[in-house]
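Below: one structure, written as structure tokens.
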Amino acid sequence: MINITLPDGAVRQYEAGVTAMDIAKSISEGLARKVLAAKVNGQVVDAARPITTDSTLQLLTWSDAEGKSTMWHSSAHLMAEALESLYPGVKFGYGPAIEGGFYYDIDLGGRTISDEDLRKIETKMNELAKANNVYDRKEVSKVEALEYFTKKGDEYKIETINELEDGKITFYTQGNFTDLCRGPHIPSTGFIKAIKLTNIAGAYWRGNEKNKMLTRIYGVTFPNQKELDEHLFLLEEAKKRDHRKLGKELELFTFSEKVGLGLPLWLPKGALLRERLQAFLQKAQLDLGYLPVVTPHIGNVNLYKTSGHYEKYGKDSFQTIHTPEEGEEFMLKPMNCPHHCEIYKASPKSYKDLPVRFAEFGTVYRYEQHGELHGLTRVRGFTQDDAHLFCRPDQVKEEFMKVIDLVLYVFNSLSFTEYTAQISLRHQTDRDKYIGTEENWNLAEQAIIEAAAEKGLNTVTEYDEAAFYGPKLDFMVKDALGRKWQLGTIQVDYNLPERFELEYIGADNQRHRPVMIHRAPFGSLERFIAVLIEHCGGKFPLWLTPTQVKILPISDKSQAYAEKVAELLKNAEIRAEIDDRSEKIGKKIRETELAKVPYMLVLGEKEAADNKVAVRRQAKGDLGAMDLEQFISLVQEEVTNRKSFE
RNA sequence: GCUGUUGUAGCUCAGGGGUAGAGCACUUCCUUGGUAAGGAAGAGGUCGAGAGUUCAAUUCUCUUCAACAGCUCCA
């Protein structure tokens, strides 16, 4: 008999060789129907794997992330089976589970497939799922494995097997399909109840563009139809909220081929929204002792040679521009920090002056590959809400914590309530790509880890994600549709102060080197606004929205009263517009609703006579008539408290 | 940058080897209407750009530019 410890701490005894599925059945049949895989002593395995020694056991179901990924991985196999039956001779690359589904890279031997084919493949998959074939695991020798795939003529699998260690190779078979696979898998295909193949794309074998381009088919599966429907609904909703679509509809920004790709043009409404965001952050920063600075859009190439950016990114930047007479070289500013370092150097600093915090909404230009450009989230010219804090080594942690507070204040003010932070450290072994000493790196990494812990942030730690000059703390927010976005960033930098030979005079009357912290709560205004648009679906909070109130006179007879109301709103610093077209009120309301203007004031002879306004809230409807003063205080209260739309 | 798909009016889209289509938006006129589309008339396009095939190309072919999806990249 062996002891099995369950997650709640309960210990049960079973015969050696018992499987997770047996144990599930011994607990309840209902549970057994839901078990997709098991975690035995921390390792995810098939529910049918015999357990031979005392172990801890966690049964994995659809509600566990590992349960989902096991199901999706098995779904990739199911899709492969369907493909093989529909397109004999197809060869298979990799077919993993990914966040939100799975894909399989396949070589169709010159054949192409379309969206209609996806429906055919789905149908076949459903058929095979209903057959409820078991995913059967088999250990094979390297020779056997090679023999099998040589016979099949699948060079991709052969290449993969050649890199595997003999004795650790397993095959999984379901129905008529056998694949090289480490596993684990769900018990049988019948657990897959709802299938959607989402799209087709090209992908290089092993992600290397020198290799052959394979066809990648993406899909997602669920244990019931309802969850698939919800998933499809979210996809629809995401499409509706796409910031590129809303940006056009709400007249926030545009692009012009003539101006250049990746260079957004802000339309008046978008520009005003942007300025309000800037003003909001600027006020918060002034309160926290930041000092505004302004620097030019170009800088002498020597500036970036000093900073190290030229060496690292010069080839991938916009090329330098030259003065006609002297032949001096300038670069478009890819970063604000070198300029800020020079500002720091403009006057001698005492330890009493520190920390010094220079803030600038600095527009930077970076060459991004053509295929990378995407709406406002990936552009070639963008404005960072940048600041650089120069402090003493003993101030790093405290400054870092203050920045964390600021970032969270910004998120909360914009109703991003779910966020995590990623601590990005060096690669654990490969350290050639970093600038700076081992000692400084260790100090910086430690400061971040401690500050994040003391602030009680929900963090994940990633190695090999640090910038070349220092470790960082990146904030990821979850938007209203549950999608994750990377926004703000805080980075410790021991490198630039060294390169720019920044100094301060200490209490000991000696020269010391300050530490620099880069930080940007929004990251880039462009990207942030894109995320904000999608988060709120274009229904901006009242304090940010371009037009707060639309005044809708019922007919010309109410025009004079409408103008009077508009004047009073303007005096109260409320952004209002009058729709004075000779259209019917129904049409004006419809258009204002679609333009997502939060408040409408329907003004007719009745309101004029009573000196009132009839208030309508976007998406909610008629709120009834009230005194104008009452409406103004309603709006002002909502603005002051930075309420989210709903 | 690579692979695939797409490019027709300001927007959303239909069409198709022989004088270019709709709805919305726009302009003018009529209408003065009470909480999600009142009516009429008008204007608006080198069918992304360049070349080729053809008597004839917006339509077919090639090249190119851009957008979209994915891959690779991201200070």
Side-chain angles (χ1 to χ4, degrees), chain A residues 98 103 105 112-115 198-218 239 242 244-245 248-249 251 254-258 260-262 304 307-314 316-317 333-338 364-375 377-380 382 384 386 435 465-470 472 486 489 491 493 495-496 518 520 524 527 552-559 581-595 600-607 614-625:
Chain A
I98 52 174
Y103 67 78
D105 284 345
T112 57
I113 57 171
S114 65
D115 281 349
T198 46
N199 55 349
I200 313 167
Y204 301 102
W205 168 235
R206 307 199 132 178
N208 184 333
E209 63 180 78
K210 294 196 179 68
N211 290 340
K212 184 164 176 181
M213 169 80 59
L214 304 178
T215 303
R216 175 171 295 180
I217 304 178
Y218 286 87
K239 215 184 267 176
D242 189 316
R244 293 166 299 183
K245 179 172 133 60
K248 195 182 270 180
E249 284 173 9
E251 299 172 346
T254 188
F255 288 91
S256 151
E257 280 184 36
K258 219 164 196 166
L261 42 162
Y304 306 104
S307 71
H309 291 107
Y310 184 78
E311 187 196 3
K312 189 85 180 172
Y313 293 102
D316 303 320
S317 292
K333 175 167 76 173
M335 293 287 283
N336 300 302
C337 29
V364 297
Y365 302 89
R366 297 177 185 177
Y367 172 78
E368 302 287 357
Q369 291 185 43
H370 188 158
E372 291 316 317
L373 301 169
H374 180 94
T377 59
R378 196 76 185 270
V379 286
R380 284 179 172 171
F382 58 95
Q384 296 177 315
D386 214 355
I435 296 176
E465 288 289 321
F468 75 91
Y469 53 77
K472 55 184 180 178
Q486 199 218 299
T489 180
Q491 313 183 354
D493 188 347
N495 175 52
L496 279 185
H518 310 244
S524 111
R527 185 180 163 80
L552 309 177
I554 298 215
S555 75
D556 294 353
K557 291 178 197 141
S558 313
Q559 182 65 21
R581 296 172 306 162
S582 66
E583 294 290 351
K584 289 180 117 170
I585 193 66
K587 179 160 185 170
K588 291 185 183 180
I589 288 173
R590 177 182 159 78
E591 289 182 9
T592 314
E593 285 280 344
L594 293 174
M600 282 156 259
L601 296 182
V602 177
L603 302 185
E605 293 174 272
K606 218 158 45 188
E607 286 73 22
V615 182
R616 182 187 166 102
R617 176 86 204 195
Q618 202 267 353
K620 279 192 148 179
D622 199 350
L623 300 186

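Residue numbers start from 1 in every chain, and the chains themselves are labelled A, B, ... in the order their sequence lines are given, proteins ahead of strands.
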For this session: Determine: side-chain N/O of A:His374 to OP1/OP2 of B:C68, distance under 4.0 Å, yes or no.
Result: no
For this session: Would you kindly give the CD-to-C1' distance between A:Glu368 and B:C74, to the nearest whole Å?
Result: 5 Å
Exercise. Of the nucleotides B:U32, B:C11, B:G34, which one has an atom closest to the side chain of A:Ala614?
Worked result: B:G34
Seminar exercise, completed: Note: A:Ser524 and A:Phe382 closest approach over all heavy atoms is CB-CD1, 3.4 Å
For this session: Starting from P on B:C30, measure out to NZ on A:Lys584 and report it in whole angstrom.
Result: 17 Å
Exercise. Under a 3.5 Å cut-off for both distances, is B:U6 Watson-Crick or wobble paired, and to whom?
Worked result: B:A66
Exercise. Among the nucleotides B:A36, B:A25, B:A66, which one has an atom lying closest to any side-chain atom of A:Glu591?
Worked result: B:A25
Exercise. Does A:His370 make a side-chain N or O approach to OP1 or OP2 of B:A67 shorter than 4.0 Å?
Worked result: yes
For this session: Could you check which of B:G38, B:A36, B:G34 has an atom nearest any side-chain atom of A:Glu607?
Result: B:G34
Seminar exercise, completed: Exactly one of A:Gln491, A:His309, A:Gln384 clears side chain to side chain contact (heavy atoms under 4.5 Å, CB included) with A:Cys337, and that residue is A:His309
Exercise. OP1 or OP2 of B:A25 less than 4.0 angstrom from a side-chain nitrogen or oxygen of A:Lys587, does that happen here?
Worked result: yes
For this session: Mind checking A:Ile554 for me? I need base, sugar-phosphate or nothing, with any heavy atom below 4.0 Å counting as a touch.
Result: base
Exercise. Between atom CZ in A:Arg380 and atom C1' in B:G1, what is the gap in whole Å?
Worked result: 11 Å
Exercise. Side chain of A:Glu251, base of B:G10: donor and acceptor closer than 3.5 Å?
Worked result: no
Problem set entry | Interatomic distance, A:Leu552 CG vs B:A36 P [rounded to whole Å] | 12 Å
Exercise. What interatomic distance, in whole Å, is found between P of B:A49 and the corresponding atom of B:A75?
Worked result: 39 Å
Exercise. Between A:Gly375 and A:Phe255, which heavy-atom pair has the shortest distance, and what is it?
Worked result: O-CZ, 3.4 Å
Exercise. Are the side chain of A:Lys588 and the backbone of A:Ile554 linked by a donor-acceptor contact shorter than 3.5 Å?
Worked result: no
Exercise. Under the 3.5 Å rule, do the base of B:C74 and the side chain of A:Arg378 count as making a donor-acceptor pair?
Worked result: yes
For this session: Going by the side chain to side chain contact (heavy atoms under 4.5 Å, CB included) test, name the single residue among A:Leu623, A:Ile585, A:Asp622, A:Thr592 that passes it with A:Met600.
Result: A:Thr592
Problem set entry | From B:A75, B:C71, B:A36, nucleotide with atom closest to A:Arg366 side chain | B:A75
Problem set entry | CD (A:Glu249) with more than 12 external heavy atoms under 6.0 Å | yes
For this session: Could you tell me whether the phosphate oxygens of B:C68, OP1 or OP2, come under 4.0 Å of any side-chain nitrogen or oxygen in A:Arg244?
Result: yes
For this session: Could you tell me the separation between the CZ atom of A:Arg617 and the CD atom of A:Glu593, rounded to the nearest 0.5 Å?
Result: 10.5 Å
Exercise. When the distance from CZ of A:Arg527 to C1' of B:A75 is rounded to whole Å, what number comes out?
Worked result: 15 Å
Exercise. Is any side-chain N or O of A:Lys245 closer than 4.0 Å to OP1 or OP2 of B:C11?
Worked result: no
Problem set entry | Between B:A56 and B:A66 - C1' atom distance, rounded Å | 29 Å
Seminar exercise, completed: If pairing means Watson-Crick or G-U wobble with both distances under 3.5 Å, then the partner of B:C60 is B:G52
For this session: Take atom C1' in B:A22 and the same atom in B:G15, then report the distance between them in whole Å.
Result: 11 Å
Exercise. In terms of side-chain heavy atoms of A:Met335, which of B:A36, B:U12, B:A75 is nearest?
Worked result: B:A75
Problem set entry | Minimum-distance nucleotide (side-chain atoms of A:Ser582 versus B:A75, B:A36, B:C30) | B:C30
Exercise. Is there a Watson-Crick or G-U wobble partner for B:A22 with both distances under 3.5 Å, and which nucleotide is it?
Worked result: B:U12
For this session: State which of B:A75, B:U72, B:G70 makes the closest approach to the side chain of A:Tyr218.
Result: B:G70
Exercise. A:Lys606 has a side chain; which of B:U72, B:G33, B:G34 sits nearest to it?
Worked result: B:G34
Exercise. How many Å lie between CD on A:Glu583 and C1' on B:C29, as a whole number?
Worked result: 13 Å
Problem set entry | Distance-only donor-acceptor test, A:Glu372 side-chain atoms vs B:C71 base atoms, 3.5 Å | yes
For this session: Report the residue (A:Lys557 or A:Asp622) whose heavy-atom-nearest nucleotide on RNA chain B is the more 5′ of the two.
Result: A:Lys557
Exercise. To the nearest Å, how far apart are A:Leu214 CG and B:U72 P?
Worked result: 12 Å
Exercise. Looking at B:A75, B:G33, B:G34, which one has an atom nearest to any side-chain atom of A:Tyr313?
Worked result: B:A75
Problem set entry | Residue met sooner reading RNA chain B from 5', once A:His309 and A:Glu605 are mapped to nucleotides | A:Glu605
Problem set entry | Side chain A:Arg616 and base B:A36 donor-acceptor under 3.5 Å | yes
For this session: For A:Leu603 and B:U35, give me the distance from atom CG to atom C1', rounded to whole Å.
Result: 12 Å
For this session: Among B:G38, B:A36, B:G33, find the nucleotide with the atom closest to the side chain of A:Glu593.
Result: B:A36
